[in-house]
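A short write-up of the structure that comes next.
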Amino acid sequence: MGDYVLSTCSVCDLSKEWLEERNIHYIYFNYEINGVACKDDFGKTCAPADLYGRMLAGADVKTSQVSVGEYIKDWSSILSSGKDILHVCMGSGITGTFASACMARDSLEREFPNRKIIVIDSTTASGGLGLLVDKLADLRDEGYSLEDLAAWTEAHKIEVNTWFITTDLTFLIRGGRVSKAAGLLGGMLNICPMLDIEPDGSLAVREKIRTKRRAFRYQLQKMEDLCKGSYDYNERVFITNTECLGDAKAVANMVENKFHKIRDGRVHIFDVGATIGCHLGPGTVVLSFWGKPRIFASRKDRKDH
């Protein structure tokens with residue numbers, strides 16, 4: 001697998017077991033509940049049901065990216081062991097962690113002049129980031145060098161498609177993604193916003209769909225329209241969710257019934273971690289797949305919110 005470590009952050013929203021099985025190194029993001037510092041550690045500190053229950057009860061939650069110091073501490077042991085690092089960050093359009101990672105890289109390369117650190121802005125998040133690093137683990141295992149893997153990532157990362165459907169607007173309103181007026185109307189009309197991730201990593205509201213059932217059908221339609229290979233799609237599909245496993249399974253079943261050649265013969269379902277979950281709240285299903293390169297939404301495509 002070469003003399004380098006493939007690394008990412010816990011906001012890839014895969015499970016700890018999956019990452020360790022794939023030999024993908026990870027570093028934890030941070031968040032607070034009512035002023036108490038926690039690690040986004042795959043639900044070990046605070047299980048999803050507990051987190052969302054406390055949020056709905058009015059708890060004050062805040063998130064913070066990985067600091068420069070945390071990166072330096074985490075990566076120093078890897079470099080000391082004689083390994084280089086390829087680290088894939090959550091999209092810089094969502095968080096500033098890419099800049100922090102680059103600052104840590106610059107500092108460590110002065111301390112370890114014979115080692116190399118490559119930091120990549122994934123331009124995606126949650127299961128999309130997970131899907132990307134999972135593919136990179138495959139290529140690493142096929143024998144890709146550090147430089148070749150980095151080049152492949154930069155060339156293909158924009159092909160990761162990630163579509164969010166949410167059935168609870170509460171925390172999108174609090175975070176400013178949906179206005180209070182639009183949120184009130186949306187709640188009355190049973191509106192489910194659909195968001196995707198732009199090429200720069202930012203979130204955009206693409207559609208506002210009445211009823212959950214229609215929203216999930218629309219999410220499936222996006223995969224039909226955009227996925228690599230159409231109905232012969234044979235890559236993995238990841239779904240992440242915020243405490244709505246039944247909804248996630250419903251979307252997974254729809255995908256599996258349409259795409260019979262997906263890798264492993266099934267969709268893999270994971271929990272959204274605390275960092276992203278603090279902003280989404282419960283009731284969000286995130287579908288990630290390989291497809292056509294993402295393009296910026298036009299003003300016409302962006303929905304007023």
Side-chain angles (χ1 to χ4, degrees), residues 11-15 17-19 21-22 48 122-138 156-168 190-198 203-273 276-277 280 282-295 297 301:
V11 287
C12 67
D13 288 346
L14 302 181
S15 67
E17 292 75 20
W18 186 282
L19 290 168
E21 175 69 23
R22 301 302 330 266
S122 72
T123 72
T124 188
S126 192
L129 176 56
L131 193 70
L132 177 59
V133 296
D134 182 73
K135 180 68 173 181
L136 297 184
D138 288 337
H156 294 280
K157 64 187 183 183
I158 203 170
E159 297 168 12
V160 176
N161 284 242
T162 301
W163 292 87
F164 296 68
I165 282 288
T166 183
T167 57
D168 187 330
N190 200 15
I191 296 292
C192 299
M194 170 174 273
L195 304 90
D196 78 336
I197 298 181
E198 298 283 83
L203 282 172
V205 177
R206 288 296 190 102
E207 298 288 344
K208 294 176 182 176
I209 307 161
R210 289 193 66 178
T211 79
K212 182 167 64 175
R213 185 182 298 275
R214 288 179 182 173
F216 293 158
R217 286 203 300 265
Y218 195 86
Q219 201 171 30
L220 176 68
Q221 185 63 54
K222 284 298 182 184
M223 183 169 175
E224 292 180 280
D225 293 342
L226 299 172
C227 75
K228 180 180 178 180
S230 188
Y231 293 106
D232 289 327
Y233 180 89
N234 60 3
E235 301 280 359
R236 285 193 168 117
V237 179
F238 288 167
I239 288 178
T240 54
N241 76 101
T242 59
E243 199 58 19
C244 54
L245 182 59
D247 290 343
K249 287 181 176 179
V251 176
N253 288 337
M254 293 167 67
V255 171
E256 291 166 0
N257 288 335
K258 284 282 186 177
F259 300 92
H260 300 144
K261 297 182 180 180
I262 57 176
R263 185 171 171 184
D264 305 328
R266 66 185 181 90
V267 174
H268 296 279
I269 300 175
F270 303 95
D271 292 326
V272 170
I276 296 175
L280 294 176
T284 300
V285 175
V286 186
L287 174 66
S288 300
F289 55 88
W290 289 95
K292 295 178 182 178
R294 284 171 276 141
I295 59 173
D301 289 336

Under 3.5 Å, is there a donor-acceptor pair between the side chain of [X] and the main chain of [Y]?
X	Y	answer
D13	G130	no
E224	K258	no
N241	F270	yes
S288	T162	no

Sub-4.5 Å side-chain heavy-atom contact between [X] and [Y]:
X	Y	answer
I165	Y218	no
L19	C12	yes
L131	F238	yes
V160	W290	yes
K261	Y231	no
F289	V255	no
R294	I197	yes
T284	V272	no

Looking only at heavy atoms, what is the nearest atom pair of [X] and [Y], with distance?
X	Y	value
K157	L132	CB-CD2, 4.1 Å
K292	D225	NZ-O, 3.5 Å
K222	M194	CG-SD, 4.1 Å
S126	T240	OG-OG1, 3.0 Å

One thing to verify: whether [Y] and [X] come together as a salt bridge, which I'm taking to mean a side-chain N less than 4.0 angstrom from a carboxylate O.
X	Y	result
K249	E256	no
E235	K228	yes
D247	K212	yes

How many angstroms lie between atom [atom1] of [X] and atom [atom2] of [Y], to the nearest 0.5 angstrom?
X	Y	atom1	atom2	value
L226	Y233	CG	OH	11.5 Å
T124	E198	OG1	CD	11.5 Å
E207	L195	CD	CG	10.5 Å
I269	S15	CD1	OG	12.5 Å
D134	L129	CG	CG	11.0 Å
D138	R22	CG	CZ	4.5 Å

**Item:** Full working for side chain to side chain contact (heavy atoms under 4.5 Å, CB included) between M223 and W163
**Value:** CA-CA 9 Å; M223 183 169 175; W163 292 87; over 6 Å; no
**Item:** side chain to side chain contact (heavy atoms under 4.5 Å, CB included), paired with M254, selected from Q219, Q221, R217
**Value:** R217
**Asked** Crowded around E21 CD? As in, over 12 foreign heavy atoms under 6.0 Å?
**Response** no
**Message:** Walk me through whether K135 and R236 qualify under side chain to side chain contact (heavy atoms under 4.5 Å, CB included).
**Reply:** CA-CA 9 Å; K135 180 68 173 181; R236 285 193 168 117; over 6 Å; no
